[in-house]
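Report on the following structure.
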Amino acid sequence: MILQQILNGLIVGGVYALFAIGFTLVFGIHQILNLAHGAVFMTGAFVALYSVQAGWPLWLGFLLAMLASGLLSVLIEVGAFRKLRKSGFAELEFGAIITSIGASLAIMTIAQKISNTQIMRFPFETMPVVIYEFFGLRVSALQLVMAACAAVLVVILTWYLYRTAFGRQVRAVAGNERAATLVGVNPNFVFFQTFFMSGALAGAAGVLVGLAFNSIHFVMGEPYLLRGFVVVILGGLGSIPGALLAGLVLGMIQTMTVAFLPSGLTDTIIFSLLFIILLIRPHGLLGKPEAGAMRGR
Amino acid sequence: MMSDLFIAYRPLIDLFLLHSGFALGQYIVLRAGVFSVANAGLTAIGAYLSAWLTLRAGVHPALSVIAGTAAGTLVALLLSWPLARLRGVYQAIATLAFVQVVLSLNVYSERFTGGAMGMNGIPKVVSTGTLFISLLVTLYIIWAISRTRLGRAFDAIRQDEMVAASLGASVRYYQSVAFAISGAIAGYFGAMEAFNTYTIEPQRFGFDFLVAALTYVVFGGRRSIWGPVVGAAVLIALPELARPLAEYRTLVYGLIMIVVMAHLPRGVFDTFVEYLHRRRMARMDRAAIAKGDNA
């Protein structure tokens, strides 16, 4: 029973990690807290749903969702952050909070209008319900897909950031934007890449959550944004391995508290834990004193 | 004519006065360089405690308001002690966690708080006039503080903590004081909200509240005490003015937030003050040149 819960928790945690890695990527590299990340996540679920309703296969909808969310995220960068970036750090830190809330409101209004404020579902049998059993543990096909997607995307992202020339440019901008510009890195192109990756990951998480809980609506991003904060801080702001680990831990804690404790207390426990961990380790579990662990390896 | 207008817009005016109070509670911590968003939780504590005292224990509303204010102050002081270890975004997230804990406990402890449905039938003893006077007094207190050693210490710490500390300002002490003042304002206006709106429910003091309070301050301006009030006035009036846009209201609202912040990142009011200041300096320069004493 406990093993089963741990397994379920790990799979939910993988999706949290997908969501949070995009969030932490943007923060680690650009020191921008993008509060529109939840709206991007929701957009991913919407695009996949409408693609499937249009009769296209789920895998195509999934890819379209990632593409659309990535582009939306780039649009947010250009529209809401680009001008602000030139006004100094304090202005960016606070201003970005406001402009990204503005972007989030705008996107959610459009989604509300499109969906008529309805809660929508994927058509029945979009994802066939198949249950496998390994050593007495029950795993559904959907759960396997979720775990596989999360794992593959994280591996691709890590490879891209640490093994390609593009990734080196991204990390150079994280270290020192001015110096990177001097040696010929185009910062706007780096912003394009990070925001695109961040958005695409959020979109993927949105589709998986939409499939798993079969409930898609225009405010579905908000609880994930709050959970995203928890994951990102626990893992240390800007740290991708940290976000992955923290996502898995949070997923397990959540399924455990739901399974074994009074259900109304889940949020109380998760957020109290976050508070206490921050007091013991002020920069998160794997965080370093200077936020932005992207700088080194 | 004037009084008709006043009656028609009375709920809106009440909303503006209350939210200006919330914005000022948020403003004072930011002013001292603390990135706390705990005000939503502190306001909830003030609102719930005062409503509970009057509804369930039969305490006179005035005493309940005092109790709510005291509770806000006390909890803020308790919070400031561990939070002194954190900086910047980490403070923001830790205080966000505090807000979420207060919210979920309010939902969970149904016996005391009425759970997700909240508390109903709270007597409406706070009128527009009371709110107006409350806001004026709060503004006066903050203005008076700004002109003392305390206010200067806040500004020094916000601008450069290291320098302030090296000049002998105890960062921990001054930030706790800022926290306590902010908690008092939050608790007080929480109680005002409870006694002005008949009902309170947990969700009202959640993420949306926190975002709204922060937005008023950043949008209006983080330096001048009028910034938060101007921010609240503009952002509360905007949706009303945009009413003909019907369901696209929030879309336009969001876009305006982006455009204004991108072009006036220091906030509407602070930018205006800077503009006036620059113009005066330019005029003084010109006057000096005309008199010929810049030679």
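To find a chain, count down the sequence lines: A is the first, B the second, and so on, and within it residues start at 1.
- B:Y90 OH to A:L278 CG: the interatomic distance, rounded to the nearest 0.5 Å, is 8.5 Å.
- When all heavy atoms are compared, the tightest approach of B:Y253 to A:L105 is CD2-CD1, 3.4 Å.
- Atom CZ of residue A:F229 and atom CD of residue B:Q100 lie 10.0 Å apart, to the nearest 0.5 angstrom.
- Taking CG of B:L251 as the start and CD1 of A:I110 as the end, the distance is 5.0 Å to the nearest 0.5 Å.
- The parts of B:L214 that come within reach of chain A are both its backbone and its side chain, each placing non-hydrogen atoms under 4.5 angstrom from that chain.
- To the nearest 0.5 Å, atom OG1 of residue B:T95 and atom CZ of residue A:F275 are 8.0 Å apart.
- Using a 4.5 Å cut-off between heavy atoms, B:N106 does not touch chain A at all.
- In plain terms, the two heavy atoms of B:A262 and A:L84 that are nearest each other are CA-CD1, 4.1 Å.
- A:I101 contributes atom CD1, which lies 6.5 Å from atom CZ of B:F207 (distance to the nearest 0.5 angstrom).
- Interatomic distance, B:L105 CG to A:S272 OG, rounded to the nearest 0.5 Å: 7.0 Å.
- Identified under the salt bridge (Lys or Arg N to Asp or Glu O under 4.0 Å) test for residues 236-245 of chain A, with sequence neighbours left out: none.
- Taking each heavy atom of A:T99 and B:M257 in turn, the nearest pair found is CG2-O, 4.3 Å.
- Looking at B:L235, neither its backbone nor its side chain comes within 4.5 Å of chain A, counting heavy atoms on both sides.
- The greatest number of non-hydrogen atom pairs below 4.5 Å with chain B, out of A:I269, A:L226, A:L274, is found for A:L226.
- A:T268 and B:V101 make their closest contact through O-CG2, 4.0 Å (heavy atoms, listed as atom of the first residue, atom of the second, distance).
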